[in-house]
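First the structure, in the form of C-alpha cells, and then the observations on it.
Order of the sequence lines sets the chain letters (A, B, ...), proteins ahead of strands, with each chain counted from 1.
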Protein chains: 2
Amino acid sequence: MDVDTRLLRYFTAVAEEGNLTRAAERLYVSQPALTKQIRRLEQLLGVQLFTRSRTGMALTEPGRALAERAPSVLSAWDRALSGTRAVASRSARVLRVGFVASAANEATQAIIAAFSELRPGWRVDLRQASWADPSAGLADGVVDAALLRLPFPGQAKLCVEPLFSEARWVALPSAHPLAAREVVDLADLRDEPFVAAPPETGAWRDFWLASDERQGRPVRIGAVTEHPDDWLTAIANGYGVALAPESAARFYSRPGVTYRPVRGLSPSGVGVAWSPADDTDPVIRDFVRCCLERAS
Amino acid sequence: MDVDTRLLRYFTAVAEEGNLTRAAERLYVSQPALTKQIRRLEQLLGVQLFTRSRTGMALTEPGRALAERAPSVLSAWDRALSGTRAVASRSARVLRVGFVASAANEATQAIIAAFSELRPGWRVDLRQASWADPSAGLADGVVDAALLRLPFPGQAKLCVEPLFSEARWVALPSAHPLAAREVVDLADLRDEPFVAAPPETGAWRDFWLASDERQGRPVRIGAVTEHPDDWLTAIANGYGVALAPESAARFYSRPGVTYRPVRGLSPSGVGVAWSPADDTDPVIRDFVRCCLERAS
DNA sequence: CGACGTCCATGCCCTCAGGTTATTGATGCG
DNA sequence: CGCATCAATAACCTGAGGGCATGGACGTCG
C-alpha cells in the first residue's frame, strides 16, 4: 500500500487545524481538493480518520494513531532527501553555502575567492536565506555551511566559529529628523516605529529590535519584511527605522535611507556554522579556515 | 518536496536488481514505465542516481546514499500503516485472526465460538494466509493473533502458546500402491516425489518434507503449491505425495486422495501466537484463553 | 424569525502523471 | 554478420488531483 508524503502532510495539517478550510489555506490548496484527498486517504486505509461536524474535523481514535506515526514517516523522508542531496553535492564538488542577508556582507566575496583558490576543483553555491530562517538552511541540511549573525536559534546543535563583530547602526528614512545628526542615541529610538523581521524569527527579531536594551519600553512595529529589498523600501517610505550592521551602510545604500551609528548599543557578531556530522570533512575545514583568515 | 512510497519501492528494486528490465518484472510494471519513473525521481531530486550502460543500471554515489536511506522511510510507513489499522480494528471491536490452512482445522471453529461467547460485542475477522507466510500476517501486523503450525520462522519475536500436537500422516493419490496399506512406513516414502510448499518458506517446507528424518536422502519435488486446493489437486493427479496433519484427513478429504498414518514420524505442533506489544491486552488474553480451553 | 456566516460535500471541468504496447538505438557476443 | 540484451522513445489511454462555483446543514445575531 503506497502513499504520497503530500497526503500525509495534508492529513497532519487537517489533524492539527481541526478544520478543513483553515488547513487548506495553510497548505495553499482549495478546500474541495483537500476534502477529496482526506477522503481518499481514509478510503486507502479503509479506516475512518475524522468525524465530521459543523464544528470541524475531529480525529477518531485510529486517526490519532496515524497522527502520532505520520511525523516519523515525514521526517525519515526529510532525512533521506537532505542526506542524498548532501552526498550529491559533495560528489559533484559543490559546496553549498547559505547566508542571511547582511551577514558577512563584503567579507563574503573575499571568503569565496579564498576558498576557490584553495580548492580549485570546487564550486560554491551561494544561497541567500530569508530572515525567517536564521540558520540559512543549515538546520534543514539544505546547505553545508552558512554565514550567520550570532547568536541564532538552534545554534547549540551546530558547530560555530565566530568571525568578527560589528557595531549596530540605525537605518533611517533620510527625511527623519534624527538623520540630521552624526550619531544617534539609543534612547532617541525607543519610541520610533521599527521595521521588523517576521514574528516567527523569535530571538533574531528581538535582537534587531534591541528588545533587551530598551528597558522594558514596548517596541512599536511599523512594518514587517522578509527580504532586504522590502526592508529598504519600507524604511525609505517612512514606515519606521531599523537597526542594521555597520557594513549595511556600505552594502545596502539606497536613496532615501540614511545610516547612522548608535551610541550605547552592543555590537552584533558574525560567524560561520556547519553541521557536526561534517566536522571532519576536509573541504568544510578548508572553508572554515578561509572564513577565519579573511574575516580577521 | 514530496514522494510517493511507490517511487521509493521502484527505486530500491532497480538499485537491487541493477537492471531495469528485471526490476520491472519484479514490480509487475512495464519496463518503459519504470524508466520514466526513475528519470522522474532523478529529476525530482535534481540528482543523478544511476549510471546507465549496456550492462544495466549502476548506482552513483548519491544513488547509494538514497538506497541506504529509503528503507527507513518505507519501514516507517509500514509501521504507521499497520499501527493505524490495528488501532482501527480494535476500536471497531474486531479481532483479526490469521491462520495457515490446516493449522487448527476443526478446533478453529470451536475457538471462535468460545470467543464470541466471552466477548459478545466483538467480531472475529478470519484471514487465511498462504503457506508462503507461516506467521499468517502476524509479523506484518496484518492480524492481531494467529493459529499456526509450530515451529515457524520468526517465532522468537512473538508470544506463542502451544495448543496441541498431531501425528503427521501422508496424503497419497488413491491409486498409489501404498494407499492399499493401513499404515505406511516413513522409509517407503523416501523415494517418492513430494508435493511441496514454495521454496521461500524455508524450514516450514522442510518440516513437511521430513527433511530431517530422511537420513540425508535428497527429496524429489513433484509439484509446488501455495494453497490447499492446488495441493489436493496435485496429489489427486499423481504429481506426488505429501505429509499432512492427521486432521487434514477429515478436513480436507477429496476423491482421489487417501490419507494414511506414517510410522516413525514425529508429530506436528499447533499453537496460537500474538504480538508482544499486545501481551497485556485483555481481548487478546481472552482469545488465547479460548484457544487453550478448546484445544485441550 | 429570517438573514447571514461557517463548514464540509458535490458537480463539472481541465491538465498531466503514470500506465500500456510497439519500436528504435546502442552494444556486446557467438 | 546476425542475434540477444538493455535502455530510451513514441503514441495513446485512463484517472488522479487540482480549480471554481454551488449546495446543504446548522448556529448566531440583528
- Task: Among residues two or more places apart or on two chains, list those pairs meeting side chain to side chain donor-acceptor pair (under 3.5 Å) that have a residue in residues 225-234 of chain B.
- Result: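 Listed by first then second residue: B:Asp229-B:Arg254, B:Thr233-B:Arg254.
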- Item | Residue pairs involving residues 67-98 of chain B (criterion ring pair (Phe, Tyr, Trp, His ring centres under 6.0 Å); sequence neighbours excluded) | none
- Item | Pairs touching residues 29-62 of chain B that satisfy ring pair (Phe, Tyr, Trp, His ring centres under 6.0 Å), sequence neighbours left out | B:Phe11-B:Phe50
- Item | Sequence neighbours excluded - salt bridge (Lys or Arg N to Asp or Glu O under 4.0 Å) pairs with any residue from residues 30-48 of chain A | A:Glu42-A:Arg52
- May I have all residue pairs that pass salt bridge (Lys or Arg N to Asp or Glu O under 4.0 Å) and include part of residues 131-145 of chain B, sequence neighbours excluded?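 The answer is B:Arg90-B:Asp144, B:Arg96-B:Asp144.
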- Residues in residues 4-25 of chain B with a heavy atom under 4.0 Å of DNA chain C, by number, are B:Arg6, B:Tyr10
- Kindly write out the residues that satisfy salt bridge (charged side-chain N to carboxylate O under 4.0 Å, His left out) with B:Arg93, not counting sequence neighbours, or none if the list is empty.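 Expected list: none.
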Whole-Å distance between [N] [atom2] and [X] [atom1]?
X: B:Lys36; N: D:dC12; atom1: NZ; atom2: P; answer: 13 Å
X: B:Glu42; N: D:dA7; atom1: CD; atom2: P; answer: 13 Å
X: A:Arg39; N: D:dA16; atom1: CZ; atom2: P; answer: 15 Å
X: A:Leu34; N: D:dG18; atom1: CG; atom2: C1'; answer: 12 Å

- Item | With A:Ser75 via side-chain contact (heavy atoms from CB on, under 4.5 Å) - residues at least two apart |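 Partners of A:Ser75 by the side-chain contact (heavy atoms from CB on, under 4.5 Å) criterion, ordered by chain and then number, come out as A:Arg79.
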- Message: Holding to side-chain contact (heavy atoms from CB on, under 4.5 Å), I want the full list of residues that pass it with B:Ala139, two or more places apart in sequence or in another chain.
- Response: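 For B:Ala139 the side-chain contact (heavy atoms from CB on, under 4.5 Å) partners, ignoring immediate neighbours, are B:Ser135.
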Between the protein and nucleotides 20-26 of chain D, list every N/O to N/O distance that falls short of 3.5 Å.
| unit_1 | atom_1 | unit_2 | atom_2 | d |
| --- | --- | --- | --- | --- |
| D:dC26 | O3' | A:Arg54 | NE | 2.9 |

- Walking along DNA chain C from 5' to 3', note the first and the last nucleotide with an atom under 4.0 Å from a heavy atom of chain A, and give both. C:dC7 to C:dT10
- Message: Is it true that A:Gln31 and A:Thr35 share a donor-acceptor pair across their side chains at a distance under 3.5 Å?
- Response: yes
- Can you name the ring pair (Phe, Tyr, Trp, His ring centres under 6.0 Å) partners of B:Phe194, sequence neighbours left out?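 Applying ring pair (Phe, Tyr, Trp, His ring centres under 6.0 Å) to B:Phe194 gives none.
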